[in-house]
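As structure tokens, the structure follows; a few thoughts come after it.
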Amino acid sequence: MKKINLTSLTLLAALSFCLSANAQTATNYIGKKGELSEPELQRWSHLDLAKDSIPGMSVDKAYAELLKGKKGVKVIVGVVDSGVDIDHEDLKAVIWTNKKEIAGNGIDDDKNGYIDDIHGWNFLGNDLHETLEMTRIIKKGDDGSATYKSALAAYDEKYDKAMKDKKQVDFLIATDKAIQKHLNKENYTIEDLNGIVTTDADLNKSKTIMTRILTNAGPTFRAEIEDYSKYVYGQLNYNLNKELDGRKAVGDNPEDIKDTKYGNNTVYGPDKEEALHGTHVSGIIAQVRGNNIGGDGIANNVEIMAVRAVPDGDEYDKDIALAIRYAVDNGAKVINGSFGKSYSPHKQWVFDAIKYAEKKDVLFVHAAGNDGNNIDLDENINFPNDSEDNKKEFASNVLTVGALNNKYGENVIADFSNYGTINVDVYAPGTEIYATVPNNKYKYEQGTSMASPNAAGVAALIRSYYPKLSAKQVKQILMDSGTPLPAMVALGESPNPNEKPVPVSSTQSSKSAKMVNAYNALLMAEKMSKK
């Protein structure tokens with residue numbers, strides 16, 4: 001559920017076509033003016049609103065003032081995602097190992113149903129690219145149901161937009177190539193563009209467009225165009241492709257929850273680069289602190305259990321249900337779920353898995369979604385959730401997390417983040433988050449996918465240093481101890497790109513109207529544990 005940073009390019013393309021006493025409160029805070037420095041940006045989610053004027057989670061403050069000299073217990077965090085690069089230099093020291101299994105002997109030593117599951121399990125086998133759930137629904141044919149009609153309408157809208165986006169991205173790439181050809185160089189600057197003097201109308205148009213793009217996106221513009229292109233073509237070639245049968249590579253029946261003998265133990269999947277999302281999520285939680293490489297994870301004393309169940313496309317309910325159960329049965333006390341979709345044909349399987357996790361005292365932290373919608377409305381529902389009617393919770397162990405920007409003020413909630421007073425619990429940093437990606441690399445990513453592991457990291461801290469507190473108590477602590485949002489906040493994206501959403505009371509944003517704060521949470525955990 002990473003948020004693709006397409007806004008500036010999409011708009012430019014459209015233009016082209018047209019031509020406690022110690023606990024923090026937020027009452028008097030003023031956000032940092034100007035851009036964050038690179039060191040600040042790389043770890044802004046660890047910083048403190050009072051000290052740094054940046055709406056981080058006060059993680060550094062918690063380590064310096066509350067955790068110094070303390071010892072916690074090891075906490076296993078299950079990362080249900082696209083896979084994890086378990087060999088990454090900043091993660092390999094914190095990867096969970098199943099001590100009950102003998103590596104490479106081809107025997108299910110611990111008799112849990114998964115052979116040689118040393119570091120987790122890959123429920124997708126060699127499956128990489130998948131369709132969206134709406135595509136799968138309409139592919140089955142019209143059964144006369146309201147779900148089919150809704151899925152068909154949503155598919156048509158999404159397909160039409162993807163075709164328009166394809167036209168835009170093709171145009172941008174062609175425009176870039178035209179400038180490269182004229183200048184006879186691949187990489188060019190604003191000065192190079194300013195130096196073009198021509199009577200060729202098409203070339204002048206290309207010059208104007210690329211000048212706008214370089215001015216707005218900077219020297220990384222081509223990487224942004226490539227990401228944009230990959231996203232658009234991925235939609236058309238895979239997610240919305242009714243002819244695609246990605247599940248064939250898995251070899252199971254996704255309609256049968258009892259068909260569990262599938263997948264393998266290669267937890268990063270058939271292509272390690274495709275495990276970018278899960279590797280980034282894992283790094284946010286647990287990349288080694290203070291080792292002077294990459295970034296710092298939120299939690300120390302944790303182990304990452306890699307459970308691959310989220311392809312490029314929508315996840316299958318069966319995989320998610322079994323992945324949650326796998327993580328629970330193998331000792332996870334926190335599970336992070338940075339995924340979501342609008343349709344869930346077998347949602348009861350996932351509901352039952354969440355209830356199973358609740359029974360076993362496991363906290364499930366879930367991303368709210370990146371559509372900028374009010375997910376309290378039935379038409380905007382985001383699965384999996386913890387409510388059968390989208391109103392009343394059936395479990396007490398699910399924490400749903402929205403995303404924050406790094407600038408405090410009315411726009412502190414990311415415009416792409418979903419919101420809702422019933423179905424979003426709290427907010428955490430979710431834009432420009434620096435963490436591990438495959439093959440010993442690091443990258444900034446954004447989305448509620450990044451907010452969720454930030455919150456999960458704080459949950460793991462609490463469970464490590466206050467292990468007697470229940471999952472229900474940890475969830476309540478994260479909500480109750482958070483820093484209050486500003487009184488007024490903007491929610492979602494304006495339908496008019498030239499206008500910003502009108503700020504509303506922050507009480508309309510979520511159940512708590514707060515931002516996760518590790519320092520406050522640990523103070524509250526200390527008091528609660530004494531009771």
- Query: Any chance the rings of Phe339 and His366 have centres within less than 6.0 Å?
  - Reply: yes
- Item | Distance flag, aromatic centroids of His346 and Phe383, threshold under 6.0 Å | no
- Go through the steps for Ile76 and Glu303 under the test side chain to side chain contact (heavy atoms under 4.5 Å, CB included), then give the verdict. CA-CA 5 Å; Ile76 298 169; Glu303 293 180 340; 4.0 Å; yes
Within a 6.0 Å radius of atom [atom1] on [X], are there more than 12 heavy atoms belonging to other residues, nucleotides or ligands?
| X | atom1 | value |
| --- | --- | --- |
| Lys70 | NZ | yes |
| Lys355 | NZ | yes |
| Gln348 | CD | yes |
| Tyr155 | OH | yes |
| Glu35 | CD | no |

- Item | Test salt bridge (charged side-chain N to carboxylate O under 4.0 Å, His left out) applied to Arg43 and Asp52, Asp48, Asp60, the passing residue | Asp60
- Picking from Lys341, Lys347, Arg136, what satisfies salt bridge (charged side-chain N to carboxylate O under 4.0 Å, His left out) with Asp317? Lys341
- Item | Residues Lys158, Glu133: salt bridge by 4.0 Å N-O rule | no
- Message: Check this for me, if you would: do Arg222 and Glu226 make a salt bridge, where the nitrogen-to-carboxylate-oxygen distance has to be below 4.0 angstrom?
- Response: no
Given side chains that start at C-beta, do those of [X] and [Y] come closer than 4.5 Å, heavy atoms only?
| X | Y | value |
| --- | --- | --- |
| Val307 | Val84 | no |
| Val458 | Met57 | yes |
| Asn423 | Asn382 | no |
| Asn385 | Ile375 | no |

- Item | Distance, nearest 0.5 Å, that separates CG of Leu67 from OG of Ser464 | 8.5 Å
Examine distances only and state if a side-chain atom of [X] and a backbone atom of [Y] form a donor-acceptor pair shorter than 3.5 Å.
| X | Y | result |
| --- | --- | --- |
| Asp386 | Glu393 | no |
| Lys514 | Ser481 | no |
| Thr135 | Asn239 | yes |
| Ser387 | Lys392 | yes |
| His280 | Ser449 | no |
| Asn373 | Asn418 | no |
| Asn370 | Phe416 | no |
| Asn380 | Asp376 | no |

- Apply the side chain to side chain contact (heavy atoms under 4.5 Å, CB included) test between Ile335 and each candidate in Val328, Val365, Val77; give the one that qualifies. Val328
- Under the criterion side chain to side chain donor-acceptor pair (under 3.5 Å), which of Gln473, Glu358, Lys475, Lys472 is the partner of Ser396? Glu358
